[in-house]
Amino acid sequence: MAQPGYEAIIIGAGIAGMYQLHRLRELGMRARVFEAGSDVGGTWYWNRYPGARFDSESWSYGYSFSQELLQEWEWPEHFAAQPDTLRYLNHVADKFDLRRDMQFHSRVTAATWDEAATRWTITLESGEEASAPLLITALGPLSAYTLPNIPGRDDFAGPAFHTARWPREGVDLRGKRVGIIGTGATAIQTIQTIAKEVGHLTVFQRTPNWAAPLHNRRITPEEQAQIKASYAEIFERCRQTDTCFIHQADPRRALDVSPEEREAFWEKLYAEPGFGIWVGNFRDVLVDPAANALMTEWAKKKIRERVKDPVTAEKLIPKNHGFGTRRLPLESGYYEVYNQPNVALVDINETPIERITPRGILTSAREHAFDILIYATGFDGVTGPYDRMAITGPGGRSLREDWQGTPRTFLGMLAEGFPNMLMVLGPHTARGNIPRNIEEIVDWLTGLVRYMREHGHRRVEAREDAVEYWARHVEAAASGLLFSQVASWQTGVNRNVAGREEVRRTLGYYGGAVKYRRIAERVAAAGYRELRFA
Ligand code: FAD
Ligand code: NAP
C-alpha cells in the first residue's frame, strides 16, 4: 500500500539520519525516516559484540548542535562502550521526539526516480512504497556487513554470529570452545574481551593489523565538569584538524629528528590515550615510505616486547602494510591475550581454511572443533549499502552500474546523474571522527534544501564539469598517501564480495576535513554554481 507523500525521505536512523531529520523539521518539512533495524542508533544499534566501544574520545564524538544536550549528558568513560553510546542515541531520540517520524523494520530495497513527477519512490522489503521529491541517504559507511565466503559456511551445527548481528540478549561464552575469524578492529575488541571468559579461543588470522593501546579510563567528576565547560574549545579543536579528532599531525618530520627524539616521541604517543599515535604522529609517517618504515620497525619492537612466544609475535606483525596505512585498531591488552594458555593463533596463510564443518573449522592441517563460531569479518565499506539497493535514476540509469568502477559524485553529497538524491557521508566525503563530518554534511545539505525552497527550485543535480572536477581532486588528494596503496574497506576492497576482491578505489576525500569544509562552504556562498536547478 502506498504511503502518503512526504517532502523528504531519509534512509537510515543512525547518527546521520537522526540529525538530518531534526534539521529538516526545523525547516518545517514533512520528512520520514525508514530504518531496517527496530530502533535508532545505526552502528551502535547493530554492533553489540563483547567489547565494542569508541576509539574516538567520547566527548568529541557526541552531537554538538544542542548546548542543553551537551550539558545534560555524561559520558562515563573517555572511550565509551557500545551500550552507553546506544543509551546516548536513545536519549537524543527521546529528547527531540525523533521516533514519531521514523519507521522501523523497514529495509529499503529500491528507490526509483520519476522524472515527470519529480519524485523518488522507495520500495521496502515488505513491498510497501513511499514517495517524496527528496531522497536523503544516511546509510552509513559500515552498515553492509559481510560473511566470509568460505565453503560450508552454513554447515556448522552450533551457533555462529557475525559481530554486527550480535544477539541483543548476549551470548554465554563461559567455558566454551570459541573460534573467531578476523583480526580487524572489531575482532581485536572481541578477542581481548572474551579471552577472559571462554574455555578456549582460536583466532583465525589472514592479515595481522597494527594496533596500539587505547588507554581508556573512567571520567572523574572533575574531568566531567572540565569537559562540560570546554565543549566550545573541544569542537573548535576538532574543526581545525584534518580528521576531526582532537589529534593533529606533529609539524616535525620523523626523518628530520634524531633517533632518540623520534623514539621518545613514539614512546610518549604509545603511552597516551586515543589516536595520537596514528593521526598525531610526525607528519611524514603516513606519506613518506622511509618515515613509515622507521615507525613500522619501532612498532614491531612493541609487539615483540608484549608477546612472549616469539613465533606468535612474528605472526602478529603485519608484513604487507606499514604502520597506520589501514585504520589503526586501538586495543586494551590485545597482545597479552596471546600469552594466555587458552588462546591459540592460527595463521591461515600457513594452514588455509578449507571449509567450515558441522564441528568447526577444517584447515589444511586439521579440524578445529568449536561450540561457537564468531565472524568478525567486516563490511562492504562505503558503497556496499548503496550496491545493496536498486537505485534507479532518469532513463533507468542504475547507480549500482554507474559505481561499479568508481563512484562519481560532487563533494560526495550528490551522485552524478541522480537528481534530488542527497547523500550524508557518501563516498568522497572527508571522514575521521565521524559525527563531526556528519554534522557538517547535514548542515550543508540542509542549507541546500533551504536554498531550493527559497528559490522555488524543485530539482537539483550536480553539473558534469563539477563532478569531473571533484573526481580529479579526490584522486589527487589520495595519491600521495601510503594508505591508498593498501587494500582495506577504506579502499573499497572486500574479498567476500564479488567484484570487490582486488581493485582499490578511492572512497574518501583525503585532502582533510578543513579543506573539504572550505570547498563546500565556498560552493554554498557562491550560490551553488556547480549544481543545476530546475
Ligand atoms: P550508521 O550508524 O551505520 O547508520 C546507518 C543506518 O542505515 C543503519 O541503522 C542501517 O540499518 C540503515 N540502513 C542502511 N541501509 C538501509 C536500507 N537499505 N534500508 C533501511 N535502512 C538502511 N566512528 C568514529 O568516528 N569513531 C568511533 O569510535 C567509531 N567506532 C566504530 C565502531 C564500530 C564497531 C563500527 C562498525 C564503526 C565505528 N565507527 C566509528 C564508524 C561509525 O559507523 C560512525 O561513527 C557512525 O556511527 C556512522 O553513522 P551513520 O548514521 O552515518 O551510519
Ligand atoms: P575489517 O577491519 O575489515 O576486518 C575484517 C577482518 O576479517 C580482517 O582481519 C579480514 O582479513 C578478516 N576476514 C574477512 N573475510 C575473511 C575470510 N573470508 N577469511 C579470513 N579472514 C577474513 O572489519 P572490522 O574489524 O569490523 O572493522 C571495520 C571498521 O569499523 C574499522 O576499520 C573501524 O573503522 C570501525 N571499527 C571501529 C572500532 C573502534 O574501535 N571504535 C571497532 C570496530 C570497528 P583481511 O584483512 O585479510 O581481509
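No hydrogens, no waters, no symmetry mates; every other heavy atom, side chains included, goes into these values. In this text, all values refer to a predicted model and were calculated from it rather than measured experimentally. Indexing begins at 1, ligand by ligand and atom by atom, following the structure's order.
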A.B. asks: For atom 27 (C) of ligand 1, grab the closest protein heavy atom and report residue, atom and distance to one decimal in Å.
C.D. replies: D55 OD1, 3.2 Å
A.B. asks: For the residue pair F379 and H162, categorise the inter-ring angle as parallel (less than 30°), tilted (30 to 60°) or perpendicular (more than 60°).
C.D. replies: perpendicular
A.B. asks: Just checking, R119 and W113: is the charged tip under 6.0 Å from the six-membered ring centre and within 45° of the axis?
C.D. replies: no
A.B. asks: Among all protein non-hydrogen atoms, which one is nearest to atom 12 (C) of ligand 1, and what is the separation to 0.1 Å?
C.D. replies: E35 OE1, 3.3 Å
A.B. asks: Can Q490 be said to touch ligand 2, with heavy atoms closer than 4.0 Å?
C.D. replies: no
A.B. asks: Under 4.0 Å, heavy-atom basis, I'd like to know which part of T109 is in contact with ligand 1: side chain, backbone, both or neither.
C.D. replies: neither
A.B. asks: Charged N to carboxylate O under 4.0 angstrom, D39 versus R99?
C.D. replies: yes
A.B. asks: Checking contacts here: is it the side chain or the backbone of N496 that comes within 4.0 Å of ligand 2, counting heavy atoms only? Could be both or neither.
C.D. replies: side chain
A.B. asks: Below 4.0 Å from ligand 1: does a non-hydrogen atom of A164 turn up there or not?
C.D. replies: no
A.B. asks: Could R306 and E331 be called an ion pair, given the rule that one side-chain N must be under 4.0 Å from one carboxylate O?
C.D. replies: yes
A.B. asks: If you define the side chain from C-beta out and look only at heavy atoms, does anything of Y49 sit under 4.5 Å from R165?
C.D. replies: no
A.B. asks: Select one of side chain, backbone, both or neither to describe which atoms of M389 lie under 4.0 Å from any atom of ligand 1, heavy atoms only.
C.D. replies: side chain
A.B. asks: Identify the closest protein heavy atom to atom 49 (O) of ligand 1: which residue and atom is it, and at what distance?
C.D. replies: I438 CD1, 3.7 Å
A.B. asks: Would I348 count as a contact of ligand 2 if the rule is a heavy atom under 4.0 Å away?
C.D. replies: yes
A.B. asks: May I ask you to check whether T446 and Q20 show a side-chain donor-acceptor distance below 3.5 Å?
C.D. replies: yes
A.B. asks: Below 4.0 Å from any atom of ligand 2, is there a heavy atom belonging to Y49?
C.D. replies: yes
A.B. asks: Under 3.5 Å between any N/O of T186 and any N/O of ligand 2: does that happen in this structure?
C.D. replies: yes
A.B. asks: Pick one of side chain, backbone, both or neither for how S106 approaches ligand 1, counting any non-hydrogen atom pair under 4.0 Å.
C.D. replies: backbone
A.B. asks: Compute the shortest N/O to N/O distance between A185 and ligand 2 and return yes if it is under 3.5 Å, no if not.
C.D. replies: yes
A.B. asks: Taking atom 30 (N) of ligand 1 as the reference point, report whether a protein heavy atom occurs under 4.0 Å from it.
C.D. replies: yes
A.B. asks: I need the nearest protein heavy-atom contact for atom 28 (C) of ligand 2: residue, atom name and distance, please.
C.D. replies: W489 NE1, 3.7 Å
A.B. asks: Give the ring-plane orientation class for W75 versus Y88, where under 30° counts as parallel, over 60° as perpendicular and anything between as tilted.
C.D. replies: tilted
A.B. asks: Taking atom types as modelled, is there a side-chain donor on R53 or Q189 under 3.5 Å from an acceptor on the other?
C.D. replies: no
A.B. asks: Quick one, R237 with E57, criterion salt bridge (Lys or Arg N to Asp or Glu O under 4.0 Å). Give me CA distance, side-chain angles, the key distance, then yes/no.
C.D. replies: CA-CA 13 Å; R237 167 87 183 149; E57 285 74 7; over 6 Å; no
A.B. asks: Which of the numbered atoms in ligand 1 are below 4.0 angstrom from a heavy atom of G14?
C.D. replies: 2 (O), 4 (O), 51 (O)
A.B. asks: Ring-plane angle category for Y6 and F34, please: parallel below 30°, perpendicular beyond 60°, tilted otherwise.
C.D. replies: perpendicular
A.B. asks: Would you mind listing which atoms of ligand 2 come within a distance below 4.0 Å of any non-hydrogen atom of R326?
C.D. replies: 46 (O)
A.B. asks: Quick one: does ligand 1 sit under 4.0 Å from the side chain of A138, the backbone, both or neither, non-hydrogen atoms only?
C.D. replies: backbone
A.B. asks: Considering only the protein, which heavy-atom contact is closest to atom 5 (C) of ligand 1, and what is its distance?
C.D. replies: L139 O, 3.2 Å
A.B. asks: Kindly identify the option in A52, G140, G37 whose heavy atom sits closest to atom 53 (O) of ligand 1.
C.D. replies: G140
A.B. asks: Is there any N or O on S143 that sits under 3.5 Å from an N or O of ligand 1?
C.D. replies: no
A.B. asks: Residues two or more places apart in sequence or in another chain: which of them pass salt bridge (Lys or Arg N to Asp or Glu O under 4.0 Å) with R505?
C.D. replies: none
A.B. asks: Between ligand 1 and Y45, can you find any atom pair, the residue atom being a heavy atom, that is separated by under 4.0 Å?
C.D. replies: no
A.B. asks: Tell me whether the rings of F235 and Y231 are parallel (<30°), tilted (30 to 60°) or perpendicular (>60°).
C.D. replies: parallel
A.B. asks: Does only the side chain of V424 get under 4.0 Å from ligand 1, or the backbone, or both, or neither? Count heavy atoms.
C.D. replies: neither
A.B. asks: So for ligand 1, is A13 a polar contact partner (N or O within less than 3.5 Å, distance only)?
C.D. replies: no
A.B. asks: Does an N or O from S56, backbone or side chain, lie closer than 3.5 Å to an N or O of ligand 1?
C.D. replies: yes
A.B. asks: Identify, with sequence neighbours excluded, every residue that meets salt bridge (Lys or Arg N to Asp or Glu O under 4.0 Å) alongside D347.
C.D. replies: none
A.B. asks: Of the choices G182, P329, G378, S488, which has the non-hydrogen atom that lies closest to atom 12 (C) of ligand 2?
C.D. replies: G182
A.B. asks: From atom 17 (C) of ligand 2, work out which of R206, R431, E331, R327 has a heavy atom at the shortest distance.
C.D. replies: R206
A.B. asks: Assess L142 for proximity to ligand 2: is some non-hydrogen atom of it under 4.0 Å away?
C.D. replies: yes
A.B. asks: Could you check whether F65 and H22 have their ring centres less than 6.0 Å apart?
C.D. replies: yes
A.B. asks: Is Q205 close enough to touch ligand 2? Criterion: a residue heavy atom under 4.0 Å from a ligand atom.
C.D. replies: no
A.B. asks: For atom 45 (P) of ligand 2, what's the nearest protein heavy atom and its distance?
C.D. replies: T207 OG1, 3.5 Å
A.B. asks: Taking the six-membered ring for Trp, is the centroid-to-centroid distance between F156 and Y375 below 6.0 Å?
C.D. replies: no
A.B. asks: Record the part of W46 in heavy-atom contact with ligand 1 below 4.0 Å; permitted values are side chain, backbone, both and neither.
C.D. replies: side chain
A.B. asks: For L399, run the side-chain contact (heavy atoms from CB on, under 4.5 Å) check against I391, D387, T392 and tell me which one passes.
C.D. replies: I391
A.B. asks: Would you say A376 and ligand 2 have an N/O pair spaced under 3.5 Å apart?
C.D. replies: yes
A.B. asks: Verify the distance criterion only: is there a donor paired with an acceptor across the side chains of S38 and Y45 at less than 3.5 Å?
C.D. replies: yes
A.B. asks: For the 3.5 Å polar cut-off, considering only N or O atoms, please tell me whether I15 and ligand 1 meet it.
C.D. replies: yes
A.B. asks: Which residue owns the protein heavy atom closest to atom 48 (C) of ligand 1, what's the atom, and how far is it?
C.D. replies: I434 CG2, 4.0 Å
A.B. asks: Measure up the H321 and W210 rings against each other and bin them: parallel (under 30°), tilted (30 to 60°), perpendicular (over 60°).
C.D. replies: perpendicular
A.B. asks: Side chain, backbone, both or neither: which applies to F204 and ligand 2 if a contact is any heavy-atom pair less than 4.0 Å apart?
C.D. replies: neither
A.B. asks: Which is closest to atom 40 (C) of ligand 1 in terms of heavy atoms, R431, Q82, R327, H105?
C.D. replies: R327
A.B. asks: What protein heavy atom is closest to atom 32 (C) of ligand 1, reported as residue, atom name and distance in Å?
C.D. replies: W44 CH2, 3.5 Å
A.B. asks: So which heavy atom in the protein is nearest atom 33 (C) of ligand 1, and how far is it from that ligand atom?
C.D. replies: T43 CG2, 3.9 Å
A.B. asks: Geometry only, no angles: is A36 polar-contacting ligand 1 at N/O separations under 3.5 Å?
C.D. replies: yes
A.B. asks: Who's closest to atom 38 (C) of ligand 2 heavy-atom-wise, of D55, I180, N320, T85?
C.D. replies: D55
A.B. asks: Heavy-atom distances under 4.0 Å decide this one: backbone, side chain, both or neither, for F34 against ligand 1?
C.D. replies: backbone
A.B. asks: Do V108 and ligand 1 have an N or O pair less than 3.5 Å apart?
C.D. replies: yes
A.B. asks: Below 30° counts as parallel, above 60° as perpendicular, anything between as tilted: where do the rings of W44 and F54 land?
C.D. replies: perpendicular
A.B. asks: Could you identify the single nearest non-hydrogen protein atom to atom 34 (C) of ligand 1 and state the distance to 0.1 Å?
C.D. replies: Y49 OH, 3.3 Å
